[in-house]
Amino acid sequence: MKRHELIEMGIPYGPALDLAGRFLAEYALRNKDRYGMRAAIAEVAEQPEKFLDDATRGDLAKAIMDADFKPRENPAPWKQWGTGLEEEAVGQMRKACDVPVAVQGALMPDAHVGYGLPIGGVLGTENAVIPYAVGVDIACRMKMTALDIPLSHLDDKQERLIQAIERETQFGIGAKFRQKRPHDVMDRDWTVSPVTKRMKDKAWSQLGTSGSGNHFVEFGVFTLHEELQGRPPGQYLALLSHSGSRGTGANVCSHYSKIAKQTHPHLPKELANLAWLDLDTEDGQEYWNAMNLMGHYASANHALIHQYIARNLKAEVLIDLENHHNFAWKETHEVNGEMK
(Lines give C-alpha, C1' and ligand atoms only; values in the text may rest on other atoms or scores of the structure.)
Protein backbone atom coordinates (compact mmCIF):
# COMPACT_ATOMS: atom_id res chain seq x y z
CA MET A 1 0.00 0.00 0.00
CA LYS A 2 1.16 3.53 -0.75
CA ARG A 3 1.36 6.37 1.76
CA HIS A 4 -1.53 8.28 0.20
CA GLU A 5 -3.73 5.18 0.51
CA LEU A 6 -2.91 4.93 4.22
CA ILE A 7 -3.73 8.62 4.70
CA GLU A 8 -7.06 8.17 2.89
CA MET A 9 -7.85 5.30 5.29
CA GLY A 10 -7.38 7.63 8.24
CA ILE A 11 -3.76 7.04 9.23
CA PRO A 12 -2.48 10.49 10.28
CA TYR A 13 0.72 11.95 8.95
CA GLY A 14 3.76 11.59 11.21
CA PRO A 15 4.78 8.71 13.53
CA ALA A 16 1.56 6.79 12.87
CA LEU A 17 2.23 6.76 9.13
CA ASP A 18 5.76 5.44 9.69
CA LEU A 19 4.50 2.75 12.06
CA ALA A 20 1.80 1.73 9.56
CA GLY A 21 4.47 1.29 6.90
CA ARG A 22 6.55 -0.83 9.26
CA PHE A 23 3.54 -2.99 10.15
CA LEU A 24 2.78 -3.55 6.46
CA ALA A 25 6.36 -4.60 5.77
CA GLU A 26 6.26 -7.13 8.62
CA TYR A 27 2.81 -8.33 7.52
CA ALA A 28 4.05 -8.89 3.99
CA LEU A 29 6.89 -11.07 5.30
CA ARG A 30 4.42 -13.28 7.16
CA ASN A 31 1.86 -13.72 4.36
CA LYS A 32 0.79 -12.31 1.02
CA ASP A 33 -2.87 -11.65 1.79
CA ARG A 34 -3.30 -8.11 0.40
CA TYR A 35 -6.95 -7.87 1.46
CA GLY A 36 -6.14 -9.09 4.96
CA MET A 37 -3.37 -6.50 5.20
CA ARG A 38 -5.75 -3.69 4.22
CA ALA A 39 -8.36 -4.90 6.70
CA ALA A 40 -5.79 -5.12 9.51
CA ILE A 41 -4.84 -1.48 9.01
CA ALA A 42 -8.43 -0.27 8.50
CA GLU A 43 -9.51 -1.82 11.82
CA VAL A 44 -6.92 0.14 13.74
CA ALA A 45 -7.62 3.37 11.86
CA GLU A 46 -11.34 3.14 12.64
CA GLN A 47 -11.12 2.13 16.32
CA PRO A 48 -7.57 2.52 17.62
CA GLU A 49 -8.67 2.35 21.26
CA LYS A 50 -9.48 -1.36 20.79
CA PHE A 51 -5.92 -2.23 19.77
CA LEU A 52 -3.83 -0.51 22.43
CA ASP A 53 -2.84 -3.90 23.91
CA ASP A 54 -2.43 -5.66 20.56
CA ALA A 55 1.02 -7.23 20.25
CA THR A 56 1.59 -6.13 16.65
CA ARG A 57 -0.60 -3.06 16.32
CA GLY A 58 -0.51 -1.51 19.78
CA ASP A 59 2.15 1.10 18.98
CA LEU A 60 0.29 2.09 15.81
CA ALA A 61 -3.00 2.41 17.70
CA LYS A 62 -1.37 4.65 20.32
CA ALA A 63 0.23 6.83 17.62
CA ILE A 64 -3.15 7.27 15.92
CA MET A 65 -4.81 8.29 19.18
CA ASP A 66 -1.96 10.65 20.01
CA ALA A 67 -2.54 12.32 16.64
CA ASP A 68 -6.18 13.12 17.45
CA PHE A 69 -6.85 16.85 17.49
CA LYS A 70 -6.14 18.48 20.82
CA PRO A 71 -6.86 22.21 21.02
CA ARG A 72 -4.29 24.41 22.66
CA GLU A 73 -4.51 24.54 26.44
CA ASN A 74 -4.82 28.30 26.02
CA PRO A 75 -5.93 29.83 22.69
CA ALA A 76 -3.35 31.87 20.81
CA PRO A 77 -3.75 35.60 21.60
CA TRP A 78 -5.52 37.71 19.01
CA LYS A 79 -6.57 41.31 18.59
CA GLN A 80 -9.62 42.85 16.94
CA TRP A 81 -9.75 46.18 15.14
CA GLY A 82 -13.19 47.71 14.64
CA THR A 83 -16.55 47.11 16.29
CA GLY A 84 -19.86 45.65 15.20
CA LEU A 85 -18.23 42.81 13.28
CA GLU A 86 -20.20 39.72 12.28
CA GLU A 87 -20.35 37.46 15.32
CA GLU A 88 -19.77 34.38 13.17
CA ALA A 89 -16.59 35.93 11.79
CA VAL A 90 -15.40 36.71 15.32
CA GLY A 91 -16.22 33.13 16.29
CA GLN A 92 -14.15 31.80 13.40
CA MET A 93 -11.20 33.86 14.61
CA ARG A 94 -11.55 32.45 18.13
CA LYS A 95 -11.65 28.88 16.81
CA ALA A 96 -8.69 29.48 14.50
CA CYS A 97 -6.63 30.41 17.55
CA ASP A 98 -7.23 26.87 18.89
CA VAL A 99 -5.22 25.35 16.02
CA PRO A 100 -2.04 23.85 17.52
CA VAL A 101 0.31 25.78 15.21
CA ALA A 102 -1.40 29.14 15.83
CA VAL A 103 0.75 31.81 17.49
CA GLN A 104 -1.16 35.09 17.11
CA GLY A 105 -4.23 36.38 15.32
CA ALA A 106 -5.67 39.67 14.14
CA LEU A 107 -9.12 40.61 12.86
CA MET A 108 -9.53 43.61 10.57
CA PRO A 109 -12.47 46.07 10.64
CA ASP A 110 -13.85 44.72 7.34
CA ALA A 111 -13.86 41.10 8.52
CA HIS A 112 -16.64 38.76 7.46
CA VAL A 113 -17.32 35.03 7.40
CA GLY A 114 -14.86 32.95 5.41
CA TYR A 115 -13.99 29.29 4.96
CA GLY A 116 -12.18 28.35 8.15
CA LEU A 117 -10.39 31.66 8.65
CA PRO A 118 -12.60 34.76 8.36
CA ILE A 119 -12.00 37.08 5.42
CA GLY A 120 -10.06 39.95 6.94
CA GLY A 121 -8.50 37.59 9.48
CA VAL A 122 -4.75 37.12 9.89
CA LEU A 123 -3.26 34.10 11.62
CA GLY A 124 0.38 33.78 12.58
CA THR A 125 1.64 30.18 12.77
CA GLU A 126 4.84 28.49 13.95
CA ASN A 127 6.84 26.87 11.14
CA ALA A 128 3.66 26.02 9.23
CA VAL A 129 1.49 27.34 6.44
CA ILE A 130 -2.26 26.85 5.93
CA PRO A 131 -3.05 26.66 2.19
CA TYR A 132 -6.76 27.38 2.54
CA ALA A 133 -6.13 30.33 4.86
CA VAL A 134 -3.84 31.82 2.21
CA GLY A 135 -6.76 31.36 -0.15
CA VAL A 136 -7.81 30.01 -3.52
CA ASP A 137 -6.65 33.04 -5.50
CA ILE A 138 -3.06 33.08 -4.27
CA ALA A 139 -1.40 36.53 -4.27
CA CYS A 140 -4.54 38.31 -5.41
CA ARG A 141 -3.70 42.01 -5.51
CA MET A 142 -4.56 45.50 -6.58
CA LYS A 143 -2.39 47.66 -8.81
CA MET A 144 -2.84 51.31 -9.73
CA THR A 145 -0.98 53.39 -12.26
CA ALA A 146 -1.53 57.12 -12.72
CA LEU A 147 -1.17 58.15 -16.37
CA ASP A 148 -0.31 61.40 -18.13
CA ILE A 149 -3.79 61.62 -19.64
CA PRO A 150 -6.13 64.59 -18.96
CA LEU A 151 -8.96 63.93 -16.51
CA SER A 152 -11.36 65.21 -19.16
CA HIS A 153 -10.82 61.95 -21.06
CA LEU A 154 -12.99 60.18 -18.46
CA ASP A 155 -15.93 62.03 -20.01
CA ASP A 156 -15.11 62.97 -23.58
CA LYS A 157 -12.87 59.97 -24.45
CA GLN A 158 -14.66 57.34 -22.40
CA GLU A 159 -15.16 54.97 -25.33
CA ARG A 160 -11.48 55.16 -26.15
CA LEU A 161 -10.57 54.16 -22.58
CA ILE A 162 -13.05 51.28 -22.61
CA GLN A 163 -11.71 50.10 -25.94
CA ALA A 164 -8.16 49.99 -24.58
CA ILE A 165 -9.25 47.78 -21.67
CA GLU A 166 -11.24 45.43 -23.88
CA ARG A 167 -8.40 45.05 -26.37
CA GLU A 168 -5.59 44.54 -23.88
CA THR A 169 -7.01 42.14 -21.31
CA GLN A 170 -9.57 39.32 -21.13
CA PHE A 171 -12.27 38.66 -18.55
CA GLY A 172 -14.08 35.55 -17.35
CA ILE A 173 -13.39 32.00 -16.17
CA GLY A 174 -10.85 30.38 -18.46
CA ALA A 175 -10.03 33.67 -20.19
CA LYS A 176 -6.76 33.48 -22.13
CA PHE A 177 -4.82 34.94 -25.03
CA ARG A 178 -4.15 33.08 -28.28
CA GLN A 179 -0.83 34.88 -28.56
CA LYS A 180 1.17 34.48 -25.33
CA ARG A 181 2.52 37.71 -23.87
CA PRO A 182 6.20 37.69 -22.89
CA HIS A 183 7.36 38.22 -19.31
CA ASP A 184 10.43 36.96 -17.46
CA VAL A 185 8.22 35.35 -14.80
CA MET A 186 7.90 32.46 -17.25
CA ASP A 187 11.69 31.97 -17.05
CA ARG A 188 11.46 31.14 -13.35
CA ASP A 189 11.56 27.56 -12.09
CA TRP A 190 8.06 26.18 -12.66
CA THR A 191 9.12 22.69 -11.54
CA VAL A 192 8.95 23.63 -7.84
CA SER A 193 5.61 21.81 -7.67
CA PRO A 194 3.96 19.17 -9.86
CA VAL A 195 1.00 21.55 -10.14
CA THR A 196 2.94 24.52 -11.48
CA LYS A 197 4.96 22.24 -13.76
CA ARG A 198 1.79 20.76 -15.24
CA MET A 199 0.02 24.10 -15.64
CA LYS A 200 2.85 26.29 -16.96
CA ASP A 201 1.46 26.51 -20.49
CA LYS A 202 -2.03 27.40 -19.27
CA ALA A 203 -0.57 29.96 -16.89
CA TRP A 204 1.30 31.58 -19.77
CA SER A 205 -1.84 31.76 -21.92
CA GLN A 206 -3.70 33.44 -19.03
CA LEU A 207 -0.91 35.92 -18.27
CA GLY A 208 -2.37 39.42 -18.60
CA THR A 209 -6.00 38.35 -18.11
CA SER A 210 -8.40 39.39 -15.37
CA GLY A 211 -10.60 36.43 -14.56
CA SER A 212 -14.08 36.77 -13.07
CA GLY A 213 -15.89 37.35 -9.78
CA ASN A 214 -14.89 40.63 -8.16
CA HIS A 215 -11.91 41.09 -10.47
CA PHE A 216 -11.89 44.22 -12.60
CA VAL A 217 -9.89 46.76 -14.59
CA GLU A 218 -11.20 50.33 -14.62
CA PHE A 219 -10.27 54.00 -14.96
CA GLY A 220 -10.97 56.68 -12.36
CA VAL A 221 -9.64 59.73 -10.55
CA PHE A 222 -6.74 59.40 -8.12
CA THR A 223 -6.28 62.26 -5.66
CA LEU A 224 -2.76 62.66 -4.31
CA HIS A 225 -2.45 64.71 -1.11
CA GLU A 226 1.32 64.79 -0.84
CA GLU A 227 4.29 64.22 -3.12
CA LEU A 228 4.73 60.60 -4.19
CA GLN A 229 7.30 59.00 -6.48
CA GLY A 230 8.41 62.48 -7.51
CA ARG A 231 4.91 63.60 -8.47
CA PRO A 232 3.25 66.64 -6.86
CA PRO A 233 -0.13 66.60 -5.08
CA GLY A 234 -3.15 66.81 -7.35
CA GLN A 235 -5.64 64.74 -9.29
CA TYR A 236 -4.59 62.15 -11.83
CA LEU A 237 -6.37 59.88 -14.27
CA ALA A 238 -5.55 56.39 -13.02
CA LEU A 239 -5.98 52.75 -14.00
CA LEU A 240 -6.89 50.28 -11.22
CA SER A 241 -6.90 46.49 -11.47
CA HIS A 242 -7.82 43.66 -9.10
CA SER A 243 -7.03 40.01 -9.85
CA GLY A 244 -4.63 37.25 -8.86
CA SER A 245 -2.93 34.08 -10.00
CA ARG A 246 -5.79 32.78 -12.13
CA GLY A 247 -6.37 29.06 -12.66
CA THR A 248 -2.89 27.97 -11.69
CA GLY A 249 -3.11 29.59 -8.26
CA ALA A 250 -6.49 27.97 -7.68
CA ASN A 251 -5.08 24.55 -8.55
CA VAL A 252 -2.10 25.04 -6.22
CA CYS A 253 -4.50 25.83 -3.37
CA SER A 254 -6.77 22.88 -4.14
CA HIS A 255 -3.91 20.37 -4.42
CA TYR A 256 -2.12 21.33 -1.21
CA SER A 257 -5.28 21.92 0.82
CA LYS A 258 -6.23 18.34 0.08
CA ILE A 259 -2.81 17.13 1.22
CA ALA A 260 -3.05 19.23 4.38
CA LYS A 261 -6.47 17.76 5.22
CA GLN A 262 -5.17 14.24 4.63
CA THR A 263 -2.23 15.03 6.86
CA HIS A 264 -4.52 16.15 9.69
CA PRO A 265 -7.68 14.02 9.32
CA HIS A 266 -8.67 14.41 12.97
CA LEU A 267 -9.32 18.16 12.90
CA PRO A 268 -12.92 18.95 13.88
CA LYS A 269 -15.20 19.88 10.98
CA GLU A 270 -15.15 23.61 11.74
CA LEU A 271 -11.35 23.65 11.56
CA ALA A 272 -10.87 21.27 8.62
CA ASN A 273 -10.05 24.15 6.25
CA LEU A 274 -7.28 25.24 8.62
CA ALA A 275 -5.28 22.05 8.09
CA TRP A 276 -1.63 23.01 7.83
CA LEU A 277 1.60 21.86 6.25
CA ASP A 278 4.81 21.91 8.29
CA LEU A 279 7.46 23.92 6.48
CA ASP A 280 10.13 21.32 7.20
CA THR A 281 8.27 18.69 5.14
CA GLU A 282 8.50 18.11 1.41
CA ASP A 283 4.84 19.03 0.90
CA GLY A 284 5.25 22.18 2.96
CA GLN A 285 8.27 23.29 0.95
CA GLU A 286 6.54 22.51 -2.34
CA TYR A 287 3.55 24.62 -1.37
CA TRP A 288 5.71 27.47 -0.06
CA ASN A 289 7.72 27.61 -3.29
CA ALA A 290 4.60 27.33 -5.45
CA MET A 291 2.88 30.07 -3.44
CA ASN A 292 5.83 32.41 -3.92
CA LEU A 293 5.96 31.61 -7.63
CA MET A 294 2.26 32.50 -7.82
CA GLY A 295 3.10 35.80 -6.13
CA HIS A 296 5.55 36.65 -8.93
CA TYR A 297 3.06 35.40 -11.51
CA ALA A 298 0.18 37.52 -10.19
CA SER A 299 2.43 40.58 -10.13
CA ALA A 300 3.45 39.93 -13.73
CA ASN A 301 -0.21 39.53 -14.61
CA HIS A 302 -0.96 43.07 -13.44
CA ALA A 303 2.23 44.47 -14.92
CA LEU A 304 1.20 43.31 -18.38
CA ILE A 305 -2.35 44.61 -18.02
CA HIS A 306 -1.09 48.08 -17.16
CA GLN A 307 1.80 48.00 -19.61
CA TYR A 308 -0.34 47.05 -22.61
CA ILE A 309 -3.18 49.44 -21.80
CA ALA A 310 -0.75 52.34 -21.33
CA ARG A 311 0.94 51.43 -24.62
CA ASN A 312 -2.44 51.24 -26.36
CA LEU A 313 -3.23 54.77 -25.15
CA LYS A 314 0.32 56.01 -25.88
CA ALA A 315 0.42 57.13 -22.24
CA GLU A 316 3.29 57.51 -19.78
CA VAL A 317 3.03 55.95 -16.32
CA LEU A 318 3.56 58.64 -13.68
CA ILE A 319 2.85 56.71 -10.46
CA ASP A 320 2.89 52.96 -9.89
CA LEU A 321 1.39 51.39 -6.71
CA GLU A 322 0.71 47.76 -5.89
CA ASN A 323 -0.16 45.60 -2.87
CA HIS A 324 -1.23 42.00 -2.47
CA HIS A 325 -3.22 39.81 -0.10
CA ASN A 326 -4.05 36.07 -0.03
CA PHE A 327 -0.47 35.32 0.90
CA ALA A 328 1.78 34.11 3.70
CA TRP A 329 4.98 35.78 4.86
CA LYS A 330 7.77 34.77 7.21
CA GLU A 331 7.70 37.53 9.82
CA THR A 332 8.03 38.25 13.54
CA HIS A 333 5.23 40.21 15.16
CA GLU A 334 5.95 39.97 18.85
CA VAL A 335 8.35 42.23 20.72
CA ASN A 336 9.07 41.71 24.45
CA GLY A 337 6.01 39.47 24.71
CA GLU A 338 3.62 42.14 23.39
CA MET A 339 1.59 42.00 20.19
CA LYS A 340 2.60 44.74 17.76
Fill in: Main-chain N/O of Trp276 paired with His264 side-chain donor or acceptor, under 3.5 Å
yes
Fill in: Side-chain (His242) to main-chain (Asn214) donor-acceptor, under 3.5 angstrom
yes
Worksheet item: Where the side chain of Arg57 meets the backbone of Ala40, is there a donor-acceptor pair that is under 3.5 Å apart?
Response: yes
Worksheet item: Distance-only, no hydrogens or angles: does the Asp278 side chain make a donor-acceptor pair with backbone N or O of Ala128 under 3.5 Å?
Response: no
Item to complete: Validate the cation-pi geometry between Lys261 and Tyr132: distance from NZ or CZ to the six-membered ring centre under 6.0 Å, angle to the ring axis within 45°.
Response: yes
Discussion item. Nearest 0.5 Å, please: how far is CG in Asn312 from CD in Glu168?
Written reply: 4.5 Å
Worksheet item: Parallel, tilted or perpendicular for Phe222 and Tyr236, by the 30°/60° rule?
Response: tilted
Practice prompt. Scan for ring-ring contact (aromatic ring centres under 6.0 Å, His included) pairs involving residues 153-189, sequence neighbours excluded, and state none if there are none.
Written response: none
Item to complete: Answer yes or no: is there a side-chain heavy-atom contact under 4.5 Å between Arg246 and Thr209?
Response: yes
Practice prompt. Report the C-alpha distance between Ile309 and Leu161 in whole Å, list the side-chain angles of each, state the deciding distance to 0.1 Å, and finish with yes or no for side-chain contact (heavy atoms from CB on, under 4.5 Å).
Written response: CA-CA 9 Å; Ile309 290 177; Leu161 299 179; over 6 Å; no
Worksheet item: What closest approach, in Å, do Ile130 and Asn273 show between heavy atoms, and which atom pair accounts for it?
Response: CG2-O, 3.8 Å
Item to complete: Any chance you could lay out the side chain to side chain donor-acceptor pair (under 3.5 Å) test for Asp54 and Thr56, step after step, and finish with the verdict?
Response: CA-CA 6 Å; Asp54 188 275; Thr56 58; 2.9 Å; yes
Worksheet item: Which pair of heavy atoms, one from Lys95 and one from Leu271, lies closest together, and at what distance?
Response: O-CD2, 3.5 Å
Worksheet item: Are Arg22 and Asp59 ion-paired here, with the side-chain N under 4.0 Å from a carboxylate O?
Response: no
Item to complete: For Glu286 and Val192, indicate whether the former's side chain and the latter's backbone hold a donor-acceptor pair under 3.5 Å.
Response: no
Worksheet item: Do Val252 and Trp204 share a hydrophobic cluster (ILVMFWY, side-chain heavy atoms under 4.5 Å, transitive)?
Response: yes
Worksheet item: Are Lys50 and Glu43 ion-paired here, with the side-chain N under 4.0 Å from a carboxylate O?
Response: no
Discussion item. How close do Asp189 and Leu293 get, counting heavy atoms only, and between which atoms?
Written reply: O-CD2, 3.9 Å
Item to complete: Could you please spell out the steps behind the side chain to side chain donor-acceptor pair (under 3.5 Å) verdict for Asn323 and Lys143?
Response: CA-CA 7 Å; Asn323 201 359; Lys143 182 179 179 71; over 6 Å; no
Practice prompt. Sort out for me which residue in Arg141, Glu218, His302 forms a side chain to side chain donor-acceptor pair (under 3.5 Å) with Ser241.
Written response: His302
Discussion item. Applying side-chain contact (heavy atoms from CB on, under 4.5 Å) to Leu207 and Lys180, what does each step give before you reach the verdict?
Written reply: CA-CA 8 Å; Leu207 192 57; Lys180 295 176 181 177; over 6 Å; no
Practice prompt. Establish whether Phe51 and Phe23 are linked, either directly or via other cluster members, by ILVMFWY side-chain heavy-atom contacts under 4.5 Å.
Written response: yes
Item to complete: Give the intermediate values and the outcome of side-chain contact (heavy atoms from CB on, under 4.5 Å) for residues Val90 and Trp78.
Response: CA-CA 11 Å; Val90 176; Trp78 64 281; 3.8 Å; yes
Discussion item. Using a 3.5 Å distance criterion without hydrogens, assess whether the side chain of Ser245 forms a donor-acceptor pair with backbone atoms of Ile138.
Written reply: yes
Worksheet item: So which of Thr145, Asp148, Leu239 actually passes side-chain contact (heavy atoms from CB on, under 4.5 Å) with Val317?
Response: Thr145
Discussion item. Please check: side-chain N/O of Glu227 versus main-chain N/O of Pro233, any donor-acceptor pairing under 3.5 Å?
Written reply: no
Discussion item. If you apply the rule salt bridge (Lys or Arg N to Asp or Glu O under 4.0 Å), what do you find for Glu316 with Arg311, and how did you get there?
Written reply: CA-CA 8 Å; Glu316 178 188 353; Arg311 181 187 302 176; over 6 Å; no
Item to complete: Please determine if Arg181 forms a cation-pi arrangement with Tyr308, meaning its NZ or CZ atom is less than 6.0 Å from the six-membered ring centre and no more than 45° off the ring axis.
Response: yes
Worksheet entry | Contact summary for Leu107 and Ala111, nearest pair of heavy atoms | CD1-CB, 3.5 Å
Discussion item. Strictly distance-based, threshold 3.5 Å: is any side-chain N or O of Gln285 a donor or acceptor partner for the main-chain N or O of Leu279?
Written reply: yes
Worksheet item: Lys62 and Glu49: salt bridge (Lys or Arg N to Asp or Glu O under 4.0 Å), yes or no, with the steps?
Response: CA-CA 8 Å; Lys62 185 177 185 302; Glu49 66 280 0; over 6 Å; no
Worksheet item: If you group Ile, Leu, Val, Met, Phe, Trp and Tyr by side-chain heavy-atom gaps below 4.5 Å, do Leu240 and Leu224 land in one group?
Response: yes
Practice prompt. Looking only at non-hydrogen atoms, find the nearest pair between Phe327 and Gly295 and report the distance.
Written response: CE1-CA, 3.9 Å
Discussion item. When you measure from the side chain of His112 to the backbone of Glu86, do you find a donor-acceptor pair of N or O atoms at a distance under 3.5 Å?
Written reply: no
Worksheet item: Considering all heavy atoms of both residues, which atom of Leu19 and which atom of Ala63 are nearest to each other, and what is their separation?
Response: CD1-CB, 3.7 Å
